[in-house]
2 protein chains.
Amino acid sequence: MPLTIKVNEETFTPRQQAVLTAALDLLVENGEGLTMTAVARRASCSKETLYKWFGDRDGLLTATVQWQAAKVRMPVVDRSHLNAKALRLSIEQFARDLLTVITGEVSVTLNRTAVTHAAQEKDSLGIIVLENGPLAIRRRLKPILEAGRDARLLRFTSSEDAYRTFFGLVVRDVQIRLLLGDKSLTQSNIEANIEADVKAATDQFFALYGAKANP
Amino acid sequence: MPLTIKVNEETFTPRQQAVLTAALDLLVENGEGLTMTAVARRASCSKETLYKWFGDRDGLLTATVQWQAAKVRMPVVDRSHLNAKALRLSIEQFARDLLTVITGEVSVTLNRTAVTHAAQEKDSLGIIVLENGPLAIRRRLKPILEAGRDARLLRFTSSEDAYRTFFGLVVRDVQIRLLLGDKSLTQSNIEANIEADVKAATDQFFALYGAKANP
DNA sequence: ATCGAACCGTACCGTACGGTACGCCTGCGG
DNA sequence: CCGCAGGCGTACCGTACGGTACGGTTCGAT
């Protein structure tokens, strides 16, 4: 019987964090390279310690994803004085952050890992990734959207729907293509277009939800 | 050395198709349940035959995904007389088909399998899924969009961009949530909202790319 | 100085699974 | 009737990997 995994306890000792870093590195380098032996060797620790700390392989995986996903923090957008320009900048900033995070190597790896995990009737990693990815962004964007509505700069009925449309406009087919390993989407390729994409998505979002838009 | 896999040859004997069906069933039932022994037992054939026909496990997997993905065919939309109403119906139909396919159990399984595969520096399955999923839809939608533009019903510069925006508006965060195993997205849940979602996405698409829209 | 906890390194075990070999049956051409 | 190709079922092999055990080492507390 494996030990209970401490999923809610986010505090890891520096040594443990070194182990998690090693595990993440292995994941990024080679998605399926995360074997207990490899992690132990990379982190210069014994397998016994891994099992003592994380219970079993799944526990180590969960801790790694959890710890790493929680590190992805969007910068908070200033909400103090909300004129049209500031709102637009905030939305643009969210689009930029969303695209940057989602196209990052770590994010792709984490999402792939979670999808693989979900393919085995285990959804814990998927929940963690969802919670720290899309849902985290949603939580931060929502007050901005509602402030925009209160200031009569935006018009929508459901902030949920508005957010999901925003997500779609920004992400489009980029994420799924990255997850599927589409070679025509290189990192430099994305970086070169990110500003144009951010602007386009923001324009479209305001076209749909701006105060002047048709209901 | 495994035999060369016949990826371009789409013709399988009925017996082979029965094997592929068994493989797909196992995949859908339990993502990681596709072991050679399990397939052989399910299809009532010998492992030796599997290896003779498909070379190795990867070949069987590729053949399964290839064969199944190619079966997903969108109905062709009539393009004969293209007034505003017909165009809108066509777009709506695409949105509906796209959503229906993407949220289907088989599609989710195939995408998960391909993502898992891509996590191991193998992108062949990802390419197959991309080619038969998003890209197939794009190929079919593109002439409709351009016909709409020629008829001055739509306005856009790049049909590529228009398609990708359409994809984003329709799919939003549904696919990634399904891939990650989000429990709050049940099949019945999606089905109940699909018509409303289709209408909303089409409305938004026309708001952005309709002839009356701002450039 | 001594003890014990924590931990490293490594050897070891069990199992699952990819891949192969082989014996047997069936159907078909001669 | 004979022989043989194709295929089924099963036994088997090798390996990779999850998980455990254990001796040796470091280090802090007493």
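Throughout, protein chains are lettered first and strands after them, A, B, ... in sequence-line order, and every chain is numbered starting at 1. Please read all numbers here as calculations on a predicted model, not as lab measurements.
- Under 3.5 Å, the side chains of D123(B) and H117(B) contain no donor-acceptor pair of N or O atoms.
- Nucleotide dG18(D) holds its C1' atom 13 Å from the CG atom of L61(A), rounded to whole Å.
- In this structure, the side chain of D173(A) does not engage the main chain of P134(B) through any donor-acceptor pair within 3.5 Å.
- Note: F156(A) and Y209(A) have perpendicular aromatic rings, judged against thresholds of 30 and 60 degrees for the angle between ring planes.
- In this structure, the CG atom of D58(B) is 14 Å from the C1' atom of dG19(C), given to the nearest Å.
- Straight-line distance from the CG atom of D56(B) to the P atom of dG14(D): 20 Å, rounded to whole Å.
- Per the geometry, CG belonging to L50(A) stands 9 Å off P belonging to dC8(C), to the nearest Å.
- Of all nucleotides listed (dC8(C), dG7(D), dC7(C)), dC8(C) comes nearest to the side chain of R15(A).
- An OP1 or OP2 oxygen of dC8(C) is reached within less than 4.0 angstrom by a side-chain nitrogen or oxygen of T49(A).
- Taking atom CD of residue Q120(B) and atom C1' of nucleotide dA16(D), one finds them 14 Å apart after rounding to whole Å.
- Side-chain polar atoms of R172(B) and T165(A) form a donor-acceptor pair below 3.5 angstrom.
- In this model, no donor atom of one side chain and acceptor atom of the other lie less than 3.5 Å apart for T116(B) and T113(B).
- Rounded to whole Å, the distance from CD on E32(B) to P on dT15(C) is 22 Å.
- Heavy atoms of R41(A) sit nowhere under 4.0 angstrom from any nucleic acid atom.
- Across the protein-nucleic acid pair, K52(B) atom NZ and dC8(D) atom C1' stand 12 Å apart, rounded to whole Å.
- At dA16(C), none of the side-chain N or O atoms of R57(B) fall inside 4.0 Å of OP1 or OP2 (strictly under the cut-off).
- Between S46(A) and L34(A), the residue anchored closer to the 5' end of DNA chain D is L34(A), taking for each the nucleotide with the nearest heavy atom.
- Minimum atom distance to the side chain of E48(A) is reached by dC8(C), of the listed dA6(C), dG9(D), dC8(C).
- A close approach under 4.0 Å does occur between a side-chain nitrogen or oxygen of W53(A) and OP1 or OP2 of dC7(C).
- Atom-to-atom, CD of Q16(B) to P of dG6(D) comes out at 13 Å; the value is rounded to the nearest Å.
- In terms of polar N and O atoms assigned as donor or acceptor, the side chain of K47(A) never comes within less than 3.5 Å of the base of dG9(C) in a complementary pairing.
- Among the nucleotides dG18(D), dG18(C), dC8(D), the one closest to any side-chain atom of T35(A) is dG18(D).
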